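Scroll down for the structure; my scribbles are underneath it.
Atoms considered below: every heavy atom in the structure, side chains included; atoms not considered: hydrogens, waters and symmetry mates. Just so it is clear, the model here is predicted, and its values are computed rather than measured. In what follows, chains carry the letters A, B, and so on, assigned in the order in which the sequence lines appear, proteins first and then strands, with residues in each chain numbered from 1.
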Amino acid sequence: MRMSKLFSQTLRDRPSEAEIASHELLLRAGFIRQLAAGIFTVLPLAQRSVTKIEDIMRAEINAIGGQEITMPVVHPADLWKETNRWYQVGTEMGRFKDKAGRDMVLAMTHEEVVADLVRNEIQSYRQLPQLIYHIQTKWRDDPRPRAGLIRVREFTMKDSYSLDADWDGLDKQYRNHYQAYFNIFHRCALPVIAVKSDVGMMGGKLAHEFMYLTPVGEDTLLLCDSCGYAANRQIARFQKPKPEAEELKPVEKVETPEMKTIAGLAKFLNVPESRTAKAVFMMGTFTRDKEEFERFVFAIVRGDMDLNETKLANAIKAKELRPATEAEIIAVGAVPGYASPVDIEGALVVVDDLIPESPNLVAGANEEGYHLRNVNLGRDYEADIVADIAAADEGALCPECGAEMASSRGVEVGNIFKLGTRYSEDMGCTFLDQDGVAKFVVMGSYGIGSGRLLAAIAEEYNDENGLIWPITVAPYEVHLLDLKGAEDEARRVYDELVEAGIEVLFDDRPESPGVKFADADLIGIPIRLTVSKRSLGENSVEVKRRDMEKSELVPVEEIAAHVRALVNTLHSAIEKLVVEMPYED
RNA sequence: CGGGGCGUGGCUCAGCCCGGUAGAGCGCACGGUUCGGGUCCGUGAGGUCGCCGGUUCAAAUCCGGCCGCCCCGACCA
């Protein structure tokens, strides 16, 4: 490709909307352009990189038996009504009506379409297992897109769907994806870890997320250095300190003027925060018989811990949770700041599983200015649900080995879900087993966003001058530039490299050397060749790697062979990253 | 949805407070110059000042409403 013909241009100034490196550099280097919030055009350079990423994904998924298909972007809403997700998913789903007034859905994922295919195509256990996948556009109307390609509304995703006769089959396909996903990321030279995660709107039993660790990430992870436990904070378990057993003491009302916070209260009463009960009020949205209703949720965790809303939502099977308003709090008979689970009407009372073991806590008195000492679950109030609803934070003890865990930020670049029969049952995906009995197909789904992956790689590999692509995903292998007086020889080098099957971006523009070098650094192609009067004076071409300072002179007649060898060296260095990864349930 | 910021040629921004002929740098076109780290000089094209309404003799500027974009939070595979 001649740069004089390249569609995109580089930008000298930092675009004002870019806050993180990958966003800024992908814009400046001419890889992407924004159309609207969270909606981007992929320009030629990025398109080449994305194609390479997708080919890596194809190769790895094909290797575990995947068959590529393409499913539609527009779905009849009826399918989504069958699985209830039409009702469960909120504003994130794109909805419209076709000309006949039928409800339609913009694809945010494809379980329903897969299930519809399955119920029509799969009749017999002989047709299982199967693995189908596609690389398609998704629309998720995220309330807050940000950080360039990291979090967008429209994106391209490789999603695969496994179909099995039983759970053992699913387990095998799940493990296959676990390894294949590591292979994909490793072949993109992106370091990732796998963490256990919430199943979210996908439903199902088990999920892992593949996380690229970076401060710009928006997921918080808890990681145990000792045993390797790794989980998204949304579901991270931890060992809770066992309080000492003690006799239940009588409830005692104490005056606590202006003590509306746990910290202030504990100090005022001279007790540790762990001897207080923290009340958090939420309104949960529930679905019953396709009807939505809200219910007040009174959640209690110990005063030294925070409520984890995802855990709470899962524990009570709420579709949504939002903080309750002051009026709603008062309506159930609680007093904000002095709220107590004692004598509450009509609320769903959910307590953390540490509370039953924590005797004689300080709680509110439901009276302005007063608290109660020695409140005890079971004696003074009842819980509707006891569950782990406390959040794990930096320093929490590992649920597996008890060591202190660290927290880190990450970007989710891929995920794998054991869906089980969640969709098969709703949509009637059955097959006849060997014994002639109809059974539900056991499903899994597995996704990687290619644009987000591209951005993560850009985020990982850059310096003050620009991008530094790993060769496996670089838009071109070689960036060739000529300086004044060497144009003819550069053109011969270009033709020779192209002839040798090497991907070359040839900067043949009549620009000054500084402009050409700066653009080469910005675009970040791994190998740079310079043909100039100076190099030709030694009958040579200058060869420089983007990730290294030094350059070398290579005789013109050896250049194609030399570059071929260097390309191979760079590829094999990345191949070495592809290793077997330990799997943990 | 709550809080904050911003909207002026393709890009980065000034002008707005204090109303009076729309500016700079970069980029782009043309001419010259230079040629191993964003050369230098000249000439030129390019803007409904986000949109709608109001105030005024006069609005980029003041007032109201709306829209869009960015950041933080809520939310979220």
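Going from the C1' atom of B:G4 to that of B:C28 covers 36 Å, rounded to whole Å. Across the C1' atoms, B:A45 and B:C26 are found 16 Å apart, a figure rounded to whole Å. Taking the P atom of each, B:G27 and B:G42 are spaced 14 Å apart, rounded to whole Å. Atom P of B:U8 sits at a distance of 24 Å from the matching atom of B:G3, rounded to the whole Å. Of the P atoms belonging to B:C62 and B:C6, the separation is 12 Å, rounded to the nearest Å. A gap of 12 Å separates the C1' atoms of B:G50 and B:A60, to the nearest Å.
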Strictly under 3.5 Å: I want the nitrogen or oxygen pairs between protein and nucleotides 41-44 of chain B, one per line.
none

Between the protein and nucleotides 22-29 of chain B, list the N/O to N/O atom pairs that are separated by less than 3.5 angstrom.
| unit_1 | atom_1 | unit_2 | atom_2 | d |
| --- | --- | --- | --- | --- |
| B:G25 | N2 | A:Asp13 | OD2 | 3.3 |
| B:G27 | OP1 | A:Arg12 | NH2 | 2.9 |

Using a cutoff of under 3.5 Å, can you pull out all pairs of nitrogen or oxygen atoms linking the protein to nucleotides 69-73 of chain B, with atom names and distances?
| unit_1 | atom_1 | unit_2 | atom_2 | d |
| --- | --- | --- | --- | --- |
| B:C69 | OP1 | A:Ala37 | N | 2.8 |
| B:C69 | O3' | A:Gln34 | NE2 | 3.2 |
| B:C70 | OP1 | A:Gln34 | NE2 | 3.0 |
| B:C71 | OP1 | A:Ala147 | N | 3.2 |
| B:C72 | OP2 | A:Arg144 | NH1 | 3.2 |
| B:C72 | OP2 | A:Arg144 | NH2 | 2.7 |
| B:C72 | OP2 | A:Arg146 | NE | 3.3 |
| B:G73 | N7 | A:Arg144 | NE | 3.3 |

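Around the CD atom of A:Glu538, the shell of radius 6.0 Å holds no more than 12 heavy atoms that belong to other residues, nucleotides or ligands.
If you check distances only, the side chain of A:Thr530 never reaches the base of B:G36 with a donor-acceptor pair under 3.5 Å.
A distance of 6.0 Å or more separates the ring centres of A:Tyr212 and A:Phe185.
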